[in-house]
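Below is one structure, written out as structure tokens; comments come after it.
Residue numbers start from 1 in every chain, and the chains themselves are labelled A, B, ... in the order their sequence lines are given, proteins ahead of strands. The structure displayed is predicted, hence computed values, not measured ones.
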Amino acid sequence: MELAYKNTNCGEITEGHIGKEIEIAGWASTIRDLGGIIFVEVRDRSGLFQIVADPNKNQSVYETFQNLKTECVVCVKGTVSKRPDDTINPRHATGTVEMYPSEIEILSAAVTLPFILDDESVSEDIRLKYRYLDIRSEKMMNNLKLRHNIVTAIRGHLNKNDFLEVETPILIKTTPEGARDYLVPSRVHDGKFFALPQSPQIFKQLLMVGGVEKYYQVAKCFRDEDLRADRQPEFTQIDIEMSFVKQDDVLNMAEGLLVEAFKASNVEIQAPFKRLTYREAMDRYGSDKPDTRFGLELFDVSDIMANSTFDAFKNVVTAGGTVRAIKIPGIANYSRKDMDDTRNLAISFGAKGLAWVTYMEDGEVKSPVFKFLSEEQIDDIARRADAQKGDIVFFVADSPKVVFDVLGRLRLHFGEKLGLINHDLHDLLWVVDFPLFEYSTEDDRYVSVHHPFTTPNPEDLDKLQNDKGNVRSIAYDVVYNGNELGGGSIRIHSPELQQKAFEALGLSEEEIQEKFEFMISAFKYGTPPHGGIALGLDRLVALLARTNSIRDVIAFPKNSQAKDLMTNAPGNASEDQLRELHLRLRNTPKP
RNA sequence: GGGGUUGUAGCUCAGCUUGGUUAGAGUGCAUGCCUGUCACGCAUGAGGUCGCGGGUUCGAGCCCCGUCAGCCCCGCCA
């Protein structure tokens, strides 16, 4: 028997194939042996197709069917037939057709699988250990297809718009700011190390100096930080840079790109997206990636509290802090325990405490802080909150950072809990005018919010030396349903300004020379104004696949401890390898 | 680095609150019966280091201590 393996995909067989002889190949996904007749579903990437063996029609094929084991690989030749009317299965795409094979060959046997494919309850560590089996599942296969479709759409859009895809190096020089680098020891250079890129940032800017004008890359990036459901040590960015552009040019381009990417997932979105300034996002939503699918906006009561006799709040305002509030409707019947839980939640978010006003259904208004407030102040709060019977208003007083963080998270908590979020919405927006610096209490200095190549807002240049906290940048993030999809900025293209930016970050002249000399000197040879954006592909695909773990859209991800459970990486290095790399281990590693 | 949570059959879990006979269920697997199933059905069977180590106890899957591993979160992630 000479079979060609395959000329038709299982999932694509239709009534149009009836009477035609075809060959299919795939995995025997389910075998139903009824005694005198055997049904087998053959699965390939495209879907399932039922084949039938009847000893009266073909004895030798029937005998082969009797020996089939689940997940063995077969190739089958035969003529497609219509199923009898009463056996049509409307739940399957190929449920109206089937085949009595004239020939069947087992191409590969299969031992019993360690778990059942498509069983959603199987624990993830088992799935990751046998990832090659997990990929056979409909869910994983669909996610990989979706990812492919999205990347294809993005590439198509960028190619059509005259972008050049350029690869940048993976072995690069370590940079001082940002996440922890993965280091690669150099064999050739004793004691020296490469770093893996956290992003192609510097290279894409130098491509602009090189005259590429419009660049993109589906770029692997690496960060040696602790993992989360949406964070992997290696991940993929759609990395984009453009010359001769201003902020609006980048935003318009990215909007067009995202429209195409969403379309690949059968989601229609409208451009242009809303725009919020960073200030406005924080003031109204307590977040730089606000979920604006629901209300519950924050409001400021600092002025009222500053004039109260409540020292805890008053002193915060005097010391430069702020008091903000959020109104949660319909929870005035909260029990003592509910209130305790809410306060503990606020404390877990970083608050020192939580104050509130309860507007009871019967019209009574209660609050532990009323004794510190005048009648007029109490009225002011009710008016500002637009409080109705049944509402509770919560207050947090602290530094702006803490207040926004706590109330922003409480807002999300109640939005979810009270079912205020419409999960059918696709809410895309830009947050613009990010601050250039933020103060790091840990490092006791100002650090870049974005990265040190971000252009300061020209209006704020005079604050670069003495008022760093109030310098705005030309930087922007794109947010989808409260998730950061990506961000970018207009970059510095003047060597003098770049030098000043490094200095403002507290880098010493030696550090600037050692780490960035090539960049500053590159800028001296004629540098176009440029800017760009990077979009997190894994997160985008995960959101469009409606899964909350990016591991579900990565073929071979690491687990939460940054291990590959399938290959057991990272592994040990041999003595010889270590010697060649000029390394000596402090402790003998566990085998 | 910190907090929470889970660990019992190949897989998913019950049993733990209140320590006590031979540790169960579903599913998968094997065998047999079954000619239109599609979560096929019926029957029989195999399958266990109760994560690991120590302790308390006459007796520990269950209580205590330690440890390892998985997942989630905080820190961290320009």
Using only side-chain N and O atoms of [X], determine if any of them is under 4.0 Å from OP1 or OP2 of [N].
X	N	value
A:T70	B:G28	no
A:S560	B:C71	yes
A:K69	B:C29	no
A:K563	B:G70	yes
A:R43	B:C38	no

Query raised in the report: Is A:D134 salt-bridged to A:R131, going by a charged N under 4.0 Å from an acidic O?
Result: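 Salt bridge: yes.
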Query raised in the report: Hey, is the side chain of A:N56 pairing donor to acceptor with the base of B:U35 inside 3.5 Å?
Result: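 Result: at least one qualifying N/O pair found.
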Query - Side-chain donor/acceptor of A:R231 to base of B:C77, under 3.5 Å - result: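 Such a pair exists between side chain and base.
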Not counting sequence neighbours, which residues clear ring pair (Phe, Tyr, Trp, His ring centres under 6.0 Å) with [X]? List them please.
X	answer
A:F556	none
A:H17	none
A:F115	none

Within the sub-3.5 Å range, which N or O atoms of nucleotides 9-13 of chain B have a protein N or O partner, and how far apart are they?
unit_1, atom_1, unit_2, atom_2, d
B:G10, O2', A:P114, O, 2.7
B:C11, O4', A:P114, O, 3.4
B:U12, OP1, A:S123, N, 2.7
B:U12, OP1, A:S123, OG, 2.7

**Report entry** Any residue of residues 471-493 of chain A with a heavy atom less than 4.0 Å from an atom of RNA chain B
**Finding:**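 Close to the strand, none.
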Would you list the atom pairs, donor with acceptor, under 3.5 Å between side chains in residues 396-409 of chain A and any protein atom, with sequence neighbours excluded?
unit_1, atom_1, unit_2, atom_2, d
A:D398, OD1, A:K352, NZ, 3.3
A:D398, OD2, A:K352, NZ, 2.8
A:S399, OG, A:V402, N, 3.4

[X]: which residues meet the side-chain contact (heavy atoms from CB on, under 4.5 Å) condition with it, sequence neighbours left out?
X	value
A:T79	A:E21
A:H451	A:Q201, A:F453, A:T454, A:S489, A:R491
A:T87	A:R83, A:P84

Query - RNA chain B: 5'-proximal contact among A:R83 and A:D405 (nearest heavy atom) - result: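 Closer to the 5' end of RNA chain B: A:R83.
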Taking only N/O atoms, report every protein-nucleotides 1-8 of chain B pair under 3.5 Å with atom names and distance.
unit_1, atom_1, unit_2, atom_2, d
B:G1, O6, A:D226, OD2, 3.4

Query - Non-neighbouring partners of A:S473 that pass side-chain hydrogen bond (donor to acceptor under 3.5 Å, both in side chains), sequence neighbours left out - result: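 With neighbours one apart ignored, the set is empty.
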Could you list all N or O pairs between the protein and nucleotides 40-46 of chain B that sit under 3.5 Å apart?
unit_1, atom_1, unit_2, atom_2, d
B:C40, OP2, A:R32, NH1, 3.1
B:C40, N4, A:D33, O, 2.6

Query raised in the report: Counting only Watson-Crick or G-U wobble pairs whose two distances fall under 3.5 Å, which nucleotide matches B:U5?
Result: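 Across all strands, the one nucleotide that pairs with B:U5 is B:G70.
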Query raised in the report: In whole angstroms, how far is the C1' atom of B:C38 from the CD1 atom of A:I51?
Result: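 Spelled out: CD1 on A:I51 to C1' on B:C38 is 14 Å.
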